[in-house]
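Written below as structure tokens is the structure these notes are about.
All values reported here derive from a predicted model rather than from experimental measurement. Convention: sequence-line order gives letters A, B, ...; per-chain numbering from 1. Just so you know, these numbers use all the heavy atoms, side chains as well, and skip hydrogens, waters and symmetry mates.
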Amino acid sequence: MGTFSMPSLGADMEAGTLVEWLKKPGETVQRGDIIAVVETDKGAIEVEVFEDGKIAQLLVQPGEKVPVGTPLARIASNEDLPPTEEPAVPAAPDEAAAREPVAQPVMPPVAPPVVPPASPAPLLPPGEVLRASPAARDLAREKNIDLASVAGSGPDGAIVRDDVEQAEVGSPLVRETVADLDPMRRAIAAAMSRSKRDIPHYYLAHSFDVTAAAAWLGRYNANHPPAERLLMGALTVKAAALALREFPEFNGFYGTGGFTPSSAIHMGMAIAMRGGGLAAPAIHHTDSIALPELMVQMRDLVSRVRKGGFRSSEVSDPTVTVSSLGDRGVDMLLPIIYPPQVAIIGFGSVSQHAWPVGDALAVRPVMTATIGADHRANDGHRGALLLRRIAELLNRPEGL
Amino acid sequence: MTREDLRQIILHEISQIAPETEGVAISDTEDLREALDLDSMDIFNLVVALSQRLGFDIPDADAARLTTLGSGTDYLQSRLAPR
């Protein structure tokens with residue numbers, strides 16, 4: 001018995017209204033047949049069935065509005081096959097995004113296909129192309145070992161538990177390409193692989209006019225000697241740190257017991273090394289440091305990171321991270337979270353844009369702030385509010 | 001101080017900030033930030049270092065004059081010249 005469910009016809013679709021059934025109970029259907037009409041905010045859409053069989057039961061009557069994923073009909077298989085898995089009707093899209101358009105990620109969750117693949121073969125989640133036994137996966141996860149770096153000795157090269165154990169003790173089974181990497185590259189590879197494997201990221205972006213911040217910065221710097229001036233980067237870091245006070249679900253760690261917010265805001269600064277690589281050590285209690293002192297600490301940290309002199313406490317305890325592209329970057333970045341943190345905030349380069357001011361277009365300095373956040377710990381709606389709050393604070397720089 | 005002295009001072013201060021740039025050949029017209037991969041923080045530090053070394057304040061608005069070795073040298077020379 002299969003289920004025919006309300007499909008998601010776009011990432012922003014929360015529910016649909018069944019307009020009409022085109023088949024009756026008992027009628028034979030074939031994969032690809034249009035069997036129902038659904039009304040969405042995009043208009044009436046004809047919906048196909050994904051399997052062969054007979055309509056066994058209609059569960060929803062015309063005129064009913066139901067959430068995405070709600071079973072609409074039962075479909076009996078033609079043959080006496082064991083019950084097939086539910087058709088690949090995708091999970092409802094990001095709830096927050098659906099509820100609040102403003103919270104919609106710039107890169108929305110990939111809209112599920114209107115016609116999922118005919119065969120109910122389980123869809124492999126990304127990252128599952130590697131053949132590995134469940135025990136091997138569990139152990140690798142536990143030991144924070146990247147399965148991609150482990151050579152498999154099982155059937156067809158599948159990775160088994162022994163392989164992971166060997167990899168952990170640094171056996172020659174570890175692929176040489178990994179062994180050849182310098183330690184920093186290896187650390188980045190491990191952290192980012194773990195992040196992309198374990199953390200269900202969502203991304204948001206918000207562009208805003210930074211005229212007020214830039215003007216304030218210009219005035220401030222005109223009145224201070226070189227060593228006491230500020231960079232926009234200090235303002236963005238401070239604005240982000242202050243905003244995070246109101247959004248504790250983005251500041252802390254995700255561990256085996258779930259998310260634990262941190263009472264302190266220790267902001268990691270993603271700092272690029274010359275010649276490649278980066279590190280993201282923390283400035284402690286970032287939210288309570290005055291701008292001039294914050295600038296001093298940022299300069300000191302950048303200098304020490306690039307010379308290799310940062311402290312382990314700075315590396316180990318950031319509660320959230322900021323990555324700024326500076327003035328030679330691009331408009332925005334979609335940053336990857338440093339585990340076990342649950343959010344990373346990105347600041348693109350400030351550049352001149354045509355920008356609506358009142359009824360006219362003006363040329364304004366514009367910045368795009370982004371966030372990559374862990375959907376296990378927080379939601380897009382709040383993430384969007386956080387980005388807006390940062391923009392607000394940044395444009396009241398006298399309060400930073 | 002000759003132009004060449006000023007040019008060497010700029011190069012020396014950059015190499016203090018970004019040691020791997022030492023000895024990199026760079027023309028007078030190349031954008032320093034692009035040629036030597038310097039970021040906002042590096043330029044900030046360069047302005048601080050040159051101001052301290054030469055004993056005068058380089059206004060924030062003049063930092064853009066340090067875009068290339070040529071324009072930077074011109075700028076520093078103009079600042080050192082008796083007014």
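With a threshold of 4.5 angstrom between heavy atoms, B:Ala18 approaches chain A through its backbone and through its side chain. Looking at A:Met232, neither its backbone nor its side chain comes within 4.5 Å of chain B, counting heavy atoms on both sides. Proximity to chain B (any heavy atom under 4.5 Å) is shown, for A:Arg229, by both the backbone and the side chain. Contacts between B:Ser51 and chain A at a heavy-atom distance below 4.5 Å involve the side chain alone, from C-beta outward. In this structure, chain B has a heavy atom under 4.5 Å from the backbone of A:Leu230, while its side chain stays farther away.
The salt bridge (charged side-chain N to carboxylate O under 4.0 Å, His left out) with A:Arg328 is formed by just one residue from the set B:Asp37, B:Asp31, B:Asp42; it is B:Asp37.
Heavy-atom pairs under 4.5 Å with chain A peak, among B:Thr21, B:Leu50, B:Leu38, B:Ile43, at B:Leu38.
Formation of a donor-acceptor pair under 3.5 Å by the A:His201 side chain with backbone atoms of A:Ala373 is not found in this model. Checked by atom type and distance alone, the side chain of B:His12 never pairs as donor or acceptor with a backbone atom of B:Gln8 at under 3.5 Å.
Of all heavy-atom pairs spanning A:Pro397 and A:Leu235, the tightest one is CB-CD2, 4.2 Å.
A perpendicular orientation is assigned to the rings of A:Phe250 and A:Phe247, their planes being inclined by more than 60° (bins at 30° and 60°).
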